[in-house]
Participant: 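My questions will all concern the structure given below.
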Amino acid sequence: MTSSRPLLVLLWFIHVTIPGLTEGAGVLPDGLNAAVGGKVMFTTTPTPGTTFQSVNWKFGAKDIFTWNVNNFPALGYEDRITFFLSTGSLELRNLALTDSGEYSVTIVPPGERPQPGNTRLDVYEPVSNVMVTSSSTELAEFSSVSLSCSSSGSSLSFLWLNSSSEVTGSDRVQITDGGSTLTIVNVTRYDQGPFRCRVSNPVSEGTSDPVTLTINFLEAQQLKMEPEVTGYLGEEVTLRYQFIPGPKDDIISQVQWKLKTPEGEEITIIVSREGLGAEGLGSEGLHILAKIITAGLFVLIVGTMLATTLFIIRKRYGPVPSD
Ligand SMILES: *[C@@H]1O[C@H](CO)[C@@H](O)[C@H](O)[C@H]1NC(C)=O
Ligand SMILES: *[C@@H]1O[C@H](CO)[C@@H](O)[C@H](O)[C@H]1NC(C)=O
């Protein structure tokens with residue numbers, strides 16, 4: 001407990017020696033925000049009933065306005081300042097980014113102690129032209145997509161909306177580049193959006209047009225193969241599969257066969273498009289000629305579905321049948 005007292009004294013000391021660095025102090029309010037091209041009102045709150053002998057306004061160390069029976073605006077401020085004699089308040093117009101900084105006022109009542117005040121003004125470029133571009137708008141389920149948001153303006157904060165709810169990061173959804181890029185690593189059929197980007201700074205905000213993703217997916221389909229097929233060396237054999245289509249009329253445009261040999265090799269055999277025929281995947285199977293090198297595990301891959309057949313080769317004893 002003995003240490004608490006010096007600490008309090010220190011805090012008090014800091015507070016008193018550097019007031020108004022980020023907050024208003026004395027007769028002025030807390031920090032003010034304004035837009036480029038806009039205006040700001042520095043409203044003073046002097047002790048009620050105060051009459052003024054003089055009022056002086058500064059930007060940093062520079063005098064910008066003095067009232068002393070007459071108005072004395074500094075060079076470059078003549079057309080931008082309106083002074084309110086009733087309170088000592090000041091309006092500053094046609095703001096530029098360079099008007100950001102510390103402002104202070106000293107109100108001198110006749111025969112009394114001056115009433116000081118200071119505050120900070122931050123001028124921002126308003127948000128405009130918020131736009132979202134997508135790496136693609138038509139994609140397959142389980143692929144990835146990146147949306148990036150661009151905007152004019154200063155000190156921008158970004159927020160992504162999926163319909164009306166805010167998008168938060170997860171292992172599937174990454175928000176990077178200060179929030180301006182949204183990457184869906186593993187797209188699901190439910191990620192169609194519409195996605196919008198909302199950009200804000202302390203003086204304005206803007207929202208992009210919606211971007212809707214078209215996600216192609218396979219619905220309630222099944223793929224089956226016999227677990228094991230035996231073929232005889234030198235003879236043709238068919239590796240049969242059964243494809244059960246989903247309620248949606250999906251057209252399978254591509255399938256992939258792989259053969260994993262007992263030696264651990266993996267051979268991609270067919271990437272077929274035309275080979276599926278008019279009926280698509282309904283056709284009966286893969287015809288192969290049984291050779292020593294075709295023994296192994298056949299894997300059929302359709303979209304995200306996968307089925308396997310172990311193909312075993314035997315040698316026939318006796319004459320090979322003629323049919
Ligand atoms: C993508 O998500 C699906 C379903 O959640 C999952 O089965 C699949 O393994 C994921 N793929 C990747 C590359 O993470
Ligand atoms: C978008 O919203 C849908 C519906 O709530 C949700 O299923 C999906 O996961 C969301 N996607 C992202 C990227 O937030």
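Ligands are counted one by one from 1 in listed order, and the atoms in each one are counted from 1 as well. The analysis underlying the following values was restricted to heavy atoms, covering all of them including side chains, and did not include hydrogens, waters or symmetry mates.
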Participant: Does R172 come within less than 4.0 angstrom of ligand 2, counting non-hydrogen atoms of the residue?
Facilitator: yes

Participant: For ligand 2, does L182 get within less than 4.0 Å through its side chain, its backbone, both, or neither, judged by non-hydrogen atoms?
Facilitator: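 Looking at L182 and ligand 2, no heavy atom falls under 4.0 Å.
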
Participant: Considering only protein heavy atoms, determine whether one is less than 4.0 Å from atom 7 (O) of ligand 2.
Facilitator: yes

Participant: Quick check: closest heavy atoms across V145 and S136, and the distance to 0.1 Å?
Facilitator: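 Taking every non-hydrogen atom into account, CG2-O, 3.5 Å.
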
Participant: Could R314 and Y232 be counted as a cation-pi pair, given that NZ or CZ must be under 6.0 Å from the ring centre and within 45° of the axis?
Facilitator: no

Participant: Please tell me if the side chains of W67 and V108 come closer than 4.5 Å, counting only heavy atoms from C-beta onward.
Facilitator: no

Participant: Go through ligand 2 atom by atom and flag the ones less than 4.0 Å from a non-hydrogen atom of D191.
Facilitator: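 The atoms of ligand 2 under 4.0 Å from a heavy atom of D191 are 8 (C), 9 (O), 10 (C), 11 (N), 12 (C), 13 (C).
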
Participant: Looking only at protein heavy atoms, identify the closest one to atom 1 (C) of ligand 2 and say how far it is in Å.
Facilitator: N162 ND2, 1.4 Å

Participant: Less than 3.5 Å apart, any donor N or O on the side chain of T66 or N56 sitting next to an acceptor on the other?
Facilitator: yes

Participant: Determine whether R198 and T207 satisfy the following criterion, side-chain hydrogen bond (donor to acceptor under 3.5 Å, both in side chains), listing intermediate values before the conclusion.
Facilitator: CA-CA 4 Å; R198 180 165 294 164; T207 303; 3.1 Å; yes

Participant: Looking only at distance, does T188 have an N or O less than 3.5 Å from an N or O of ligand 2?
Facilitator: no

Participant: List ligand 2 atoms under 4.0 Å from V173, heavy atoms only on the residue side.
Facilitator: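 Per the distance check, 13 (C).
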
Participant: Less than 3.5 Å apart, any donor N or O on the side chain of R120 or S100 sitting next to an acceptor on the other?
Facilitator: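 Absent: no donor and acceptor within the cut-off.
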
Participant: Flag atom 4 (C) of ligand 2 as yes if some protein heavy-atom distance to it falls below 4.0 Å, otherwise no.
Facilitator: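 Not a single protein heavy atom is under 4.0 Å away.
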
Participant: Which of the numbered atoms in ligand 2 are below 4.0 angstrom from a heavy atom of I184?
Facilitator: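 Result: 13 (C).
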
Participant: Do NZ/NE/NH1/NH2 and the carboxylate oxygens of D99 and K39 come within less than 4.0 Å?
Facilitator: no

